[in-house]
Protein chains: 2
Amino acid sequence: MSNPADVSRATTLHVRDHCLCLHVQRAARALARRFDEAFRPLGLTNGQFSLMMALNQPEPPPMGRIAAFLAMDRTTLTAALKPLERRGLVEVRPHPTDRRSRVMALTPAGRALLAEAVPIWTRTHREMEATLAEGEADRLRAALASLAEPPRATH
Amino acid sequence: MSNPADVSRATTLHVRDHCLCLHVQRAARALARRFDEAFRPLGLTNGQFSLMMALNQPEPPPMGRIAAFLAMDRTTLTAALKPLERRGLVEVRPHPTDRRSRVMALTPAGRALLAEAVPIWTRTHREMEATLAEGEADRLRAALASLAEPPRATH
DNA sequence: GACGGAAAGATTGATATCAACGTAAATGGG
DNA sequence: CCCATTTACGTTGATATCAATCTTTCCGTC
């Protein structure tokens with residue numbers, strides 16, 4: 001039944017308990033569900049909220065910059081914009097000078113919906129942060145940010 | 001142009017810098033890409049690796065237990081099994097006594113592929129953990145685990 | 001100005017994710 | 001034993017995610 005080449009029980013348990021990738025994916029799914037549920041009355045997901053918040057700036061940003069900020073593929077951003085455009089919350093326009101590029105901006109309806117979403121975020125985030133020890137949130141953010149950075153070249 | 005009801009610049013920046021959900025999603029995407037790339041020679045994704053590792057136990061577990069462990073929807077697990085079944089890495093069988101339930105088990109080919117994947121995980125994980133300060137990984141895992149827990153009822 | 005490489009996105013195809021709804025089986029109370 | 005409830009999954013439809021590949025445009029060099 002058991003082959004000597006198989007992964008041992010001890011190794012299995014070690015990986016399960018220590019894999020940061022698994023821990024992060026698990027937390028990502030749980031948090032996504034929780035915020036999705038909170039935003040549901042507005043018809044927004046956590047990802048749509050974060051994207052719209054990233055677009056809420058004076059100068060309409062190009063797609064590449066936002067994709068990098070969200071650490072997502074450019075093509076994922078293209079797809080994520082579709083439902084928001086359909087609902088008239090976001091507008092995509094050609095870049096004024098660079099014809100390769102496109103810039104994104106919230107519409108008035110988008111800004112209005114975002115304003116409704118912020119109190120929900122505040123409440124949900126406060127509840128969530130309450131499960132963490134004092135000062136733990138800051139440390140957590142810092143650690144996640146360093147993990148999200150692309151691997152440094154070793155030279 | 002600017003409506004008094006709009007979300008202020010200060011609020012926008014606060015949410016962007018503090019939202020744990022965003023930080024976790026970002027790290028999740030970055031880590032997923034990194035492990036996916038490492039496992040690519042084997043044709044595995046990080047999620048498939050974690051799932052197979054979770055199945056690598058003496059008793060074939062039922063779907064619900066694994067879905068809970070991975071903090072994912074049961075239907076997501078159903079979908080995730082499809083490619084692994086097609087490749088003959090995992091087998092799904094009816095539960096021996098409970099006819100509602102189904103249990104999953106690695107095939108010999110699945111166990112063999114998992115054995116190839118473990119050294120890749122070890123190397124990649126070591127590189128990744130190196131970007132964290134001493135003891136930071138343990139704290140990070142603990143914080144993520146508490147975030148991944150379902151919100152406690154307040155009574 | 002032509003040309004070659006780099007940059008910015010789009011499209012396609014595969015998998016991942018979950019809510020909503022539906023089905024079947026176990027379970028507990030009468 | 002019967003029925004209502006709970007439990008365990010599946011299916012469908014929508015969105016999310018990324019690699020691979022392609023097109024268009026910009027920029028620097030000659």
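From a predicted model like this one, the values you see are computed outputs, not experimental measurements. Letters A, B, ... mirror the listed sequences (proteins, then strands); counts begin at 1.
Hydrophobic clustering, with ILVMFWY side chains joined whenever heavy atoms are under 4.5 angstrom apart, keeps B/Val103 apart from B/Met63.
Between the side chains of A/Thr12 and B/Asn56, at least one donor N or O sits under 3.5 Å from an acceptor N or O.
Residue A/Ser101 places at least one side-chain N or O under 4.0 Å from the OP1 or OP2 atom of C/dG9. Residue A/Arg74 has no polar side-chain atom (N or O) positioned under 4.0 Å from OP1 or OP2 of C/dA7.
We find that B/Glu85 and B/Arg102 are not joined by a salt bridge, their nearest charged nitrogen and carboxylate oxygen being 4.0 Å or further apart.
B/Thr76 OG1 to A/Arg29 CZ: the interatomic distance, rounded to the nearest 0.5 Å, is 8.0 Å.
With a 6.0 Å cutoff to the six-membered ring centre and a 45° limit on the axis angle, B/Arg16 counts as a cation-pi contact of A/Phe69.
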Any protein N or O atoms within reach of nucleotides 11-17 of chain C? Criterion: under 3.5 Å, listing atom names and distances.
from	atom 1	to	atom 2	distance (Å)
C/dT15	OP1	B/Arg86	NH2	3.0
C/dT15	OP2	B/Arg86	NH2	3.1
C/dT17	OP1	A/Arg29	NH1	2.7

Between the protein and nucleotides 23-29 of chain D, which nitrogen or oxygen pairs come in under 3.5 angstrom?
from	atom 1	to	atom 2	distance (Å)
D/dC26	OP1	A/Arg99	N	2.9

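Classification of the B/Phe39-B/Phe35 ring pair by plane angle, with boundaries at 30° and 60°, yields tilted. Ring geometry for A/His18 against A/His14 counts as parallel: the plane angle stays under 30°, on a 0 to 90° scale with 60° as the upper cut.
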Test log, rule side-chain contact (heavy atoms from CB on, under 4.5 Å), inputs A/Ile66 and A/Met72: CA-CA 9 Å; A/Ile66 297 300; A/Met72 63 168 52; over 6 Å; no
